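Here the structure comes first, spelled out in structure tokens, and everything after it is commentary.
Just so we're on the same page: letters track the sequence lines, and every chain starts at 1. As the structure is a computational prediction, the values presented were derived from the model and not from experiment.
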There are 2 protein chains.
Amino acid sequence: MPRSLKPVSALPRTTLTEAAFEQLIAYVVKGTWKAGDRLPPERELCQQFGIARTSLREALKAMELVGMLDSRVGDGTFVCPRSEFLSRPLLWAFTGTDHEELAEIMEARALVEENLAGLAAERASEEEIARIKEAITQMSNAISAGTSILEADMNFHLAVAAAAHNDVLRNAVQLLRNITRQWLKYKVQMPNVAASVLSRHEAIYRAIASRRPSAARRAMRKHLEETQQLVIQVVKKHGGSREPSPYV
Amino acid sequence: MPRSLKPVSALPRTTLTEAAFEQLIAYVVKGTWKAGDRLPPERELCQQFGIARTSLREALKAMELVGMLDSRVGDGTFVCPRSEFLSRPLLWAFTGTDHEELAEIMEARALVEENLAGLAAERASEEEIARIKEAITQMSNAISAGTSILEADMNFHLAVAAAAHNDVLRNAVQLLRNITRQWLKYKVQMPNVAASVLSRHEAIYRAIASRRPSAARRAMRKHLEETQQLVIQVVKKHGGSREPSPYV
DNA sequence: ACGTATTTGTTCGTATGTATC
DNA sequence: GGATACATACGAACAAATACG
């Protein structure tokens with residue numbers, strides 16, 4: 001009998017904690033437990049799962065650390081919104097990485113969003129186009145009111161991504177934007193930037209609404225190239241030092 | 001004194017487990033512990049950290065969940081290669097949406113790889129071009145030997161991605177390819193497919209080696225469109241049933 | 001081939017601090 | 001203020017799997 005190879009990561013590695021993972025992840029991801037829902041107390045859950053509380057806690061804690069759950073003493077354990085646990089783990093992967101990888105992230109974002117804009121021009125429903133316009137109105141209002149346009153900016157780009165009808169890429173964009181959010185925050189506070197962003201968004205919107213994919217791509221590309229330039233300025237100004245806690 | 005607001009996700013929520021978790025991440029990400037390294041035993045580590053073994057274990061389990069560490073009973077805990085710990089969290093994002101998911105993943109992959117091929121034609125070093133050629137030779141040998149071309153196929157696309165000099169996108173490609181690996185496996189077993197793939201790869205290689213970005217993009221696009229068609233056939237044939245354990 | 005040491009897996013009991021009602 | 005519910009944390013012990021002489 002040939003000596004069996006040692007599996008690098010064994011498939012049937014079925015520890016109790018891991019089994020609890022799969023259960024918990026399934027509940028969260030499939031939506032049995034929705035965002036904001038409160039889980040049964042640890043002492044109940046471990047009875048349901050038929051494992052000791054310590055084992056369950058390891059799974060529960062792990063889920064909390066990756067951003068799927070949030071437990072508060074004296075209160076309970078709650079399900080986090082999807083965007084949380086999508087952005088956190090990837091954040092860690094880029095933790096040690098500063099200047100060069102910021103450029104890479106921006107490039108990746110520009111590349112994906114450019115293509116999404118093109119797809120959106122081909123595939124967007126009327127409703128989705130309306131939602132893009134809403135984001136523009138929201139930004140316009142924010143400028144009038146003198147408040148931050150950061151949220152409206154995010155909404156615009158996510159609306160475009162949604163209109164492209166590809167959830168994989170939409171998630172990727174959301175991810176990359178979350179990572180760069182720190183720097184974008186500074187960017188949109190710079191003088192005259194808000195108005196410029198608004199007009200770029202309007203150009204992109206017009207191209208999508210009138211079903212001109214290549215125009216939409218060009219407009220998005222131009223917009224993100226400008227953003228890239230501004231962010232580089234911002235990073236230089238703020239010393240490029242990463243803020244300690246991006247988990248907001 | 002005004003009653004303090006309850007923070008939705010507290011920033012300085014400093015539990016011992018969380019502190020240990022951040023330490024562990026830092027060690028892995030900064031490279032203090034490299035891929036394949038073995039960690040000190042739990043009982044030593046928890047002394048170093050000054051916490052109980054239970055608390056440390058919760059952090060270790062979280063690391064394992066995101067794919068940064070791998071614990072084996074009787075052996076020890078080891079650091080996983082970097083490529084591993086990017087795939088799990090993204091997998092969760094996709095498990096919620098099943099139906100058109102495969103098509104979306106393929107589309108995303110095609111889109112990213114098309115652009116990477118273009119970038120590779122602009123940026124590849126001689127060494128990187130040589131590595132692409134190596135992958136082609138490897139596939140040629142595999143065909144002659146009658147063995148699977150799956151590995152050579154992966155190597156080729158990763159070599160192209162590496163030559164594009166954007167680690168973020170390279171990781172994304174690796175991720176998406178890992179996810180579709182199940183289906184690609186069937187594809188490359190179909191008759192005549194291997195030879196066809198090889199000639200497509202050669203075309204892409206020539207375009208990159210001769211620094212023609214748009215030709216490289218076209219060639220990659222064509223190749224992946226063919227792949228997409230074949231995979232759709234394969235899925236129909238195999239019933240499209242998802243295999244149970246994507247955590248490979 | 002066997003046995004022992006090492007290491008993770010699992011459980012229980014207990015004490016403490018905090019939030020909610 | 002008091003009672004209750006809950007998470008946080010520690011330590012000790014045994015089981016099971018693996019590595020190595």
Worksheet entry | Whole-Å distance separating the CG atom of A:Asp70 from the P atom of D:dC6 | 16 Å
Item to complete: Under 4.0 Å from any atom of DNA chain C, heavy atoms only: list the residues of residues 49-59 of chain B that qualify, in numerical order.
Response: B:Arg53, B:Arg57
Worksheet item: Checking side-chain contact (heavy atoms from CB on, under 4.5 Å) for the pair B:Val160/B:Glu113: CA distance, chi angles, key distance, verdict?
Response: CA-CA 8 Å; B:Val160 172; B:Glu113 289 210 53; 5.9 Å; no
Worksheet item: Can you tell me how far P of D:dA7 sits from CD of B:Glu18, to the nearest Å?
Response: 16 Å
Fill in: Closest nucleotide among D:dC6, D:dA17, D:dC10 to the A:Pro41 side chain
D:dC6
Practice prompt. For the residue pair A:Ile25 and A:Met63, establish whether any side-chain heavy-atom pair is separated by less than 4.5 Å.
Written response: yes
Practice prompt. Would you please confirm or rule out a distance under 4.0 Å between OP1 or OP2 of D:dA7 and any side-chain N or O of A:Lys61?
Written response: no
Worksheet entry | Closest nucleotide among C:dG9, C:dT10, D:dC10 to the B:Glu42 side chain | C:dG9
Item to complete: On DNA chain D, check which nucleotide each of B:Arg38 and A:Arg38 is closest to and give me the residue with the more 5' one.
Response: A:Arg38
Discussion item. For B:His157 and B:His201: C-alpha separation, side-chain torsions, deciding distance, then whether side-chain contact (heavy atoms from CB on, under 4.5 Å) applies.
Written reply: CA-CA 9 Å; B:His157 286 277; B:His201 282 196; 3.3 Å; yes
Fill in: Lys/Arg-Asp/Glu bridge criterion (N-O < 4.0 Å) met for A:Lys61, A:Glu64
yes
Discussion item. Tell me the interatomic distance from A:Asp75, atom CG, to D:dA7, atom P, rounded to whole angstroms.
Written reply: 9 Å
Response to the item:
Taken to the nearest whole Å, CZ/A:Phe78 to P/D:dC6 is 10 Å
Discussion item. Within a 6.0 Å radius of atom CD on A:Gln48, are there more than 12 heavy atoms belonging to other residues, nucleotides or ligands?
Written reply: yes
Worksheet entry | Residue met sooner reading DNA chain C from 5', once A:Thr17 and A:Arg43 are mapped to nucleotides | A:Thr17
Discussion item. Rounded to whole Å, how long is the line connecting atom CG of B:Leu69 with atom P of C:dG9?
Written reply: 11 Å
Response to the item:
For A:Ala135 and A:Ala152 the tightest heavy-atom approach is O-CB, 4.0 Å
